Amino acid sequence: MKIEQQIVKDQILFELGEEHSLDNNLFNEKFWTDFTNAILLFESDSRKVYKMVLTLHIDARIIEKIISIIPEIFGILILELAQEYVEGHASETTIMLVNSKETLLKKEIDMFSNLNKATNMIERQRIKTELPTMFDKLQKKYLDNQI
């Protein structure tokens, strides 16, 4: 959960910028954990995260800014989790979401898996194409270094 929480926290702080300072007492570890959990469930229950933001006792402009970027943060989080999953670094949270009904994460995982397969296929094809001339290039390079 730490990775997911850090992604959400970094995105919120980045989007708010330096002009908005956040109260560390209000935005403590418990808040970030709860907020990240709410963001992770955004696809199935978006009301929870919006309700959480609306109950914060902070400037209305900051609340509006956070509300406006929630879908973007959710998308970034899902992309990061899908990429980590395909690379073999899945967290417990990601595995839980894959086994649930969260379809966006599954679609992103499929997209990254297909992208990985396509890249490998193209690279293999390139190697097969260049293989006949590789020996000659290597031999020429070796001979040039000997002279």
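Positions are given from 1 along the sequence. Fair warning: this is a prediction, and the values are worked out from it, not measured in the lab. The figures that follow rest on heavy atoms only: side chains count, while hydrogens, waters and symmetry mates do not.
Using modelled atom types, no side-chain atom of D59 and backbone atom of I62 make a donor-acceptor pair closer than 3.5 Å. Remark: side-chain polar atoms of D45 are not paired, donor with acceptor, to backbone N or O of L41 under 3.5 angstrom. In this structure, the side chain of N114 engages the main chain of D110 through a donor-acceptor pair within 3.5 Å.
Between E4 and L81, some side-chain heavy-atom pair lies under the 4.5 Å cut-off. Between E108 and Q83 there is no side-chain heavy-atom pair separated by less than 4.5 Å. By the 4.5 Å heavy-atom criterion applied to side chains, T94 and E84 are not counted as neighbours. The shortest distance between side-chain heavy atoms of I109 and S113 falls below 4.5 Å. Side chains of V49 and F74 form no contact here, defined as non-hydrogen atoms less than 4.5 Å apart. Using a 4.5 Å heavy-atom cutoff, the side chains of I122 and R126 are not in contact.
Between F35 and W32, the ring planes lie perpendicular to each other; the angle is over 60°, past the 30° to 60° tilted range. The aromatic rings of Y50 and F42 sit perpendicular, their planes meeting at an angle over 60°, well past the 30° parallel limit.
Between the side chains of T33 and Q5, at least one donor N or O lies within less than 3.5 Å of an accepting N or O.
Under the 4.5 Å side-chain heavy-atom criterion for ILVMFWY residues, no single connected hydrophobic cluster contains both M134 and L138. Hydrophobic cluster membership differs between V86 and M121, with clusters built from Ile, Leu, Val, Met, Phe, Trp and Tyr side chains linked at under 4.5 angstrom. The hydrophobic cluster containing L56 also contains L54, counting ILVMFWY residues as joined when their side-chain heavy atoms lie under 4.5 angstrom apart, directly or transitively.
Other residues, nucleotides and ligands contribute over 12 non-hydrogen atoms within 6.0 Å of the CD atom of E130.
With rounding to the nearest 0.5 Å, the separation of OG in S100 from CG in L105 is 8.0 Å. For the atom pair CD1 (I76) and CZ (F14), the distance works out to 9.0 Å, reported to the nearest 0.5 Å. Interatomic distance, CD1 of I66 versus CE of M52, reported as 10.5 Å (0.5 Å rounding). Taken to the nearest 0.5 Å, the CD atom of Q11 stands 11.0 Å off from the CG atom of L16. Taking CD1 from I3 and NE2 from H89, the interatomic distance works out to 9.5 Å, rounded to the nearest 0.5 Å. Interatomic distance, CG of L104 versus OG of S44, reported as 11.5 Å (0.5 Å rounding).
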- Query: Could you walk me through whether R61 and E64 pass the salt bridge (charged side-chain N to carboxylate O under 4.0 Å, His left out) check?
  - Reply: CA-CA 5 Å; R61 290 177 298 133; E64 288 175 16; over 6 Å; no

Quick one, K2 with E29, criterion salt bridge (charged side-chain N to carboxylate O under 4.0 Å, His left out). Give me CA distance, side-chain angles, the key distance, then yes/no.
CA-CA 10 Å; K2 288 287 183 191; E29 195 71 24; 3.1 Å; yes

| For D34 and K30, what are the C-alpha separation, side-chain angles and deciding distance, and is it a salt bridge (charged side-chain N to carboxylate O under 4.0 Å, His left out)? | CA-CA 6 Å; D34 294 344; K30 182 180 176 350; 2.7 Å; yes

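When I7, I73, I12 are each tested for a side-chain contact (heavy atoms from CB on, under 4.5 Å) with I39, only one passes: I73.
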